[in-house]
Participant: 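One structure, as structure tokens, below. Some questions next.
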Amino acid sequence: MKHLHNVDICNSSRQWCLDDFKVGIHIGSGRFGTVYRAQEKKTGAVVALKIVNKQELQKAKVVRFLKREIEIQSRLSHPNVLRMYGYFDDKDSVCMVLEHAPGRTLYDLIQTSPIPENTVTKYMTQIVSALRYIHGLKVIHRDIKPENVLIGEGNVLKMADFGWAVHDRRPRRRTFCGTLDYLPPEMIEDKYHDEKVDIWALGIMCYELLVGIPPFGDVENYVETYHRIIQIKFSFPNHISMNAQQFVKRILRHDPRQRPTLEVLENHPWLQQSREQQ
Ligand code: AK1
């Protein structure tokens, strides 16, 4: 399978259009977009085409959000971040040319069983690296969770953001229509929040990958989950190593300022230990 490695160059001479692609099967859909597997006719390269209907965008008043998403994603280039190679539009739709990943997400993976610890460390190393990169560009992800991480060729993770109202995620909205699981105390309590919300989510995701369920319970028991998050009340099954437990506990602090930096996490003994084993 061919991949587009430096499509900026391929695409610099002329603008892509839908006719440059052989559009294949449907591989996903969101509130406003539909994603297809596609092949660039000229090179045979496989990509994921996200096609968004302009009328629907306008009706829902989210044109601004899509513009912002494209603006952000076009700046991102990192091995663990799903690439956007380019975009184009015609009268009816906006089309984003995305890197194609084989298709499963970390969420799909944990549906069958928890992930072995030595695989989780490899995954966390990649997520920390991706996050360090995007925070370096002053981008806060705001929705780190297993559903948003694609598993690429050779177990290389690709962070993405499948969500649609990417920049309309004020806590009050989320609490009514979303899940609490990944919300940090400062967002639940509707306080000031910054990039430390992503660090928190990293801790929740790490727990979920190790244990198979999120640390503060599930969506059904709303009030209970809420209180557990505020009080940071959670425990580990016995089979999880001390280093892994310590890694998660170091992250899940009520006070955002007490959460570690990504640099500190990168050098945490738990992740270091797995690097030495390779
Ligand atoms: C649809 C997506 C980041 C990301 C700001 C964004 C999923 C997005 C498309 C697929 C590739 C599928 C496959 C295989 C099966 F920092 N819209 C997206 S991702 N292969 N589905 N794509 S389905 F990277 F997280 C970030 C920051 C915006 N945007 N948009 O990821």
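All ligand and atom numbering here is 1-based and tracks the order in the structure. Computed from a predicted structure; not experimentally measured.
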Participant: What I'd like to find out is whether the side chain of M96 reaches to under 4.5 Å of the side chain of E69, using heavy atoms alone.
Facilitator: yes
Participant: Go through ligand 1 atom by atom and flag the ones less than 4.0 Å from a non-hydrogen atom of A160.
Facilitator: 19 (S), 24 (F), 25 (F), 31 (O)
Participant: Determine whether the side chains of Y182 and E208 contain a donor N or O and an acceptor N or O closer than 3.5 Å.
Facilitator: yes
Participant: Mind checking whether D161 has an N or O less than 3.5 Å away from an N or O of ligand 1?
Facilitator: yes
Participant: Enumerate the atoms of ligand 1 whose separation from the nearest heavy atom of I72 is less than 4.0 angstrom.
Facilitator: 5 (C)
Participant: For E186, is there an ion pair with R259 - N to carboxylate O distance below 4.0 angstrom?
Facilitator: yes
Participant: Taking non-hydrogen atoms only, is A48 closer than 4.0 angstrom to ligand 1 via side chain, backbone, both or neither?
Facilitator: side chain
Participant: Looking only at heavy atoms of E99, does any of them come nearer than 4.0 Å to an atom of ligand 1?
Facilitator: yes
Participant: Of L98, V46, I70, which has the heavy atom at the shortest distance from atom 2 (C) of ligand 1?
Facilitator: L98
Participant: Just by distance, with hydrogens left out, do E117 and H239 show a side-chain donor and acceptor under 3.5 Å apart?
Facilitator: no
Participant: Against heavy atoms of V35, which atoms of ligand 1 measure under 4.0 Å?
Facilitator: 9 (C), 21 (N)
Participant: Indicate the ring-plane relationship of F234 and Y207, choosing parallel, tilted or perpendicular according to the 30° and 60° boundaries.
Facilitator: perpendicular
Participant: Side chains of P114 and V211: closer than 4.5 Å at any heavy-atom pair?
Facilitator: no
Participant: Considering both backbone and side-chain atoms of A101, is one of its nitrogen or oxygen atoms within less than 3.5 Å of a nitrogen or oxygen in ligand 1?
Facilitator: yes
Participant: Can you list the ligand 1 atoms lying under 4.0 Å from a non-hydrogen atom of V81?
Facilitator: 24 (F)
Participant: Give the contacting part of M96 toward ligand 1: side chain, backbone, both or neither, where contact means a heavy-atom distance below 4.0 Å.
Facilitator: neither
Participant: According to the interplanar angle, ranging from 0 to 90°, do the rings of F21 and F88 count as parallel (below 30°), tilted (30 to 60°) or perpendicular (above 60°)?
Facilitator: parallel
Participant: Tell me which part of L76 gets within contact of ligand 1: side chain, backbone, both or neither, using heavy atoms under 4.0 Å.
Facilitator: side chain
Participant: Is the ring pair H26/Y36 parallel, tilted or perpendicular, if the boundaries are 30 and 60 degrees?
Facilitator: perpendicular
